[in-house]
Amino acid sequence: MTDVLITAGELAEFLKQEPCVVIDTRNPEAYGAGHLAGAVNVHEIFTYLATSTPEGIHELKTKFADAFGAAGLSGKETAVIYEQSMNSGFGQSCRGYYLLTMLGYPKVKVLHGGYDAWMAASLPVTKDVPSPVKASFAVVPEAGDILIDAKTMLAAVGKPGIALLDVRDIDEWIGESSSPYGKDFCPRKGRIPGAVWLEWYRMMKPTAEGPRFKSKNEILAECATVGITENTPVYLYCFKGARASNTFLALKNAGVKDVRMYFGSWNEWSRDPSLPIEEGLPTEAKLTTKAA
């Protein structure tokens, strides 16, 4: 498959050769201070909290099909998405990649290293705000299979062969905090029973220019530590689908064939007391949690 990630230098050339719509996912203040020429600001790619009820999924799809259409994406252009850097926005540019893929958009690139990488390469920026021509954005319904709901996630609990992959930060995984927005942001702390854990940072490695995604083989080696191969169906979750989008991009780029995301993630799961959770340290949980 073609690499979703594009370096700043490659992108500078690509923009000259291909019709593109560039989308800046940062907050309006950062965007206003300077952005790539022609970039449209769609911060809701990062902030929108989705639920996985049929109504919630319909609203999610409609909202972003409208937003991407308003930005000028018709299917002919390559959507190019960026954030500030790969570790400042909890995978927010990757969340844009996931949303576009889930809607069936054919051509998506993510700027590897984000705006920081563009600046480091001394490439031009502007404060001019574009006036995009609204396009008709076509949703491909079957592409939505990569989005799973709470029912599908619950049905996968205890099912051998499907890897439920939690990519949240360590304090969330061990049940000390309920979210990146504060320990008690959600009513329950813990994890989905039977989930395995790879912190989302592990898909990247530090470089002098900031974090960059690991190579395909390095990512597959990380996956192997929790029993995931290229042929393992993987159901990802985090808190709201941003960090899991970072991992989604990494796994797809590395050739893992069937990767889906529970987009409602812990923000939704923890709020429904009928859904089972594992609490406490994972080492203890294995001893105390009864199979559902």
Side-chain angles (χ1 to χ4, degrees), residues 4-12 14-15 20-50 60 63-73 77-103 105 108-132 137 167 169 179-181 200-201 203-204 206-207 209-213 238-250 263 265 267:
V4 173
L5 298 165
I6 189 165
T7 67
E10 288 166 349
L11 179 58
F14 190 79
L15 291 170
C20 294
V21 170
V22 181
I23 294 174
D24 184 318
T25 63
R26 299 174 304 156
N27 66 44
E29 295 76 24
Y31 173 79
H35 49 262
L36 274 66
V40 182
N41 190 207
V42 190
H43 186 49
E44 279 196 311
I45 283 171
F46 179 56
T47 56
Y48 187 80
L49 290 175
L60 173 76
K63 179 178 192 59
F64 284 102
D66 289 351
F68 291 134
L73 286 170
E77 309 80 13
T78 298
V80 177
I81 308 183
Y82 70 90
E83 58 185 287
Q84 187 71 35
S85 66
M86 300 322 287
N87 68 340
S88 59
F90 294 104
Q92 72 189 67
S93 57
C94 305
R95 200 180 198 236
Y97 160 69
Y98 175 81
L99 288 168
L100 282 161
T101 306
M102 184 269 295
L103 293 169
Y105 199 76
V108 189
K109 297 275 184 198
V110 169
L111 173 56
H112 200 186
Y115 188 74
D116 286 358
W118 186 265
M119 292 295 283
S122 303
L123 289 160
V125 296
T126 183
K127 290 185 182 178
D128 296 345
V129 176
S131 304
F137 185 99
V167 303
D169 293 14
S179 85
Y181 302 101
W200 70 290
Y201 291 111
M203 298 299 131
M204 298 181 288
T207 73
E209 289 80 44
R212 297 290 185 272
F213 279 96
C238 59
F239 173 72
K240 65 170 187 183
R243 290 169 292 178
S245 292
N246 183 291
T247 307
F248 178 86
L249 187 155
F263 201 68
S265 280
N267 182 56

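Sequential numbering from 1 along the given sequence is applied to the chain's residues.
- Side-chain atoms of Asn41 come within 3.5 Å of backbone N or O of Arg26 as a donor-acceptor pair.
- Between atom CD1 of residue Ile6 and atom CG of residue Leu15 there is a gap of 7.5 Å, rounded to the nearest 0.5 Å.
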What do the steps show when you test Leu123 against Leu11 for side chain to side chain contact (heavy atoms under 4.5 Å, CB included), and what is the final call? CA-CA 10 Å; Leu123 289 160; Leu11 179 58; over 6 Å; no

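- Aromatic ring orientation, His112 versus Phe213: tilted (interplanar angle from 30° to 60°).
- Side-chain atoms of Met204 and Asn246, non-hydrogen and from C-beta on, do get closer than 4.5 Å to each other.
- In terms of heavy atoms, Gly241 sits closest to Cys238 at N-SG, 3.0 Å.
- Expressed to the nearest 0.5 Å, how far CG of Leu5 lies from CG of Leu249 amounts to 5.0 Å.
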The test is side chain to side chain contact (heavy atoms under 4.5 Å, CB included); show your working for Val80 and Leu36 and say whether it passes. CA-CA 11 Å; Val80 177; Leu36 274 66; 5.8 Å; no

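- With no hydrogens or angles considered, no side-chain donor-acceptor pair links Ser265 and Asn267 at under 3.5 Å.
- Note that CZ of Arg243 is 4.5 Å distant from CG of Asp169, once rounded to the nearest 0.5 Å.
- Ring centroid separation for the pair Phe137 and Tyr105 comes in under the 6.0 Å cut-off.
- The distance from atom CZ of Phe239 to atom CH2 of Trp200, rounded to the nearest 0.5 Å, is 14.5 Å.
- A salt bridge does not link Lys109 with Glu10: every distance from a Lys NZ or Arg NE/NH1/NH2 to an Asp or Glu carboxylate oxygen is 4.0 Å or more.
- A 4.5 Å side-chain heavy-atom check between Phe248 and Met102 finds every atom pair outside the cut-off.
- In this structure, Thr78 contributes its side chain and Val108 its backbone to no donor-acceptor pair below 3.5 Å.
- Between the CG atom in Leu99 and the SG atom in Cys94 there is a gap of 11.5 Å [rounded to 0.5 Å].
- Minimum interatomic distance between Ile81 and Ser93 (heavy atoms only, all atoms of both residues): CG2-O, 3.5 Å.
- Classified by interplanar angle (parallel below 30°, tilted 30° to 60°, perpendicular above 60°), the ring pair His35/Tyr31 is parallel.
- Looking at Trp118, its side chain does come within 3.5 Å of a backbone N or O of Pro124 through a donor-acceptor pair.
- One finds the CD atom of Glu83 at 5.0 Å from the CD atom of Gln92 (value rounded to the nearest 0.5 Å).
- The aromatic rings of Phe46 and Phe90 lie parallel to each other, with less than 30° between the two planes, well short of the 60° mark.
- The two residues Gly113 and Arg212 come nearest to each other via the heavy atoms CA-NH1, 3.4 Å.
- With Arg95 contributing its side chain and Ile45 its backbone, the two residues share a donor-acceptor pair below 3.5 Å.
- In terms of modelled atom types and a separation under 3.5 Å, the side chain of Tyr115 and the main chain of Gly34 share a donor-acceptor contact.
- Residues Leu73 and Ile23 have side chains in contact (heavy-atom distance under 4.5 Å, counting atoms from C-beta outward).
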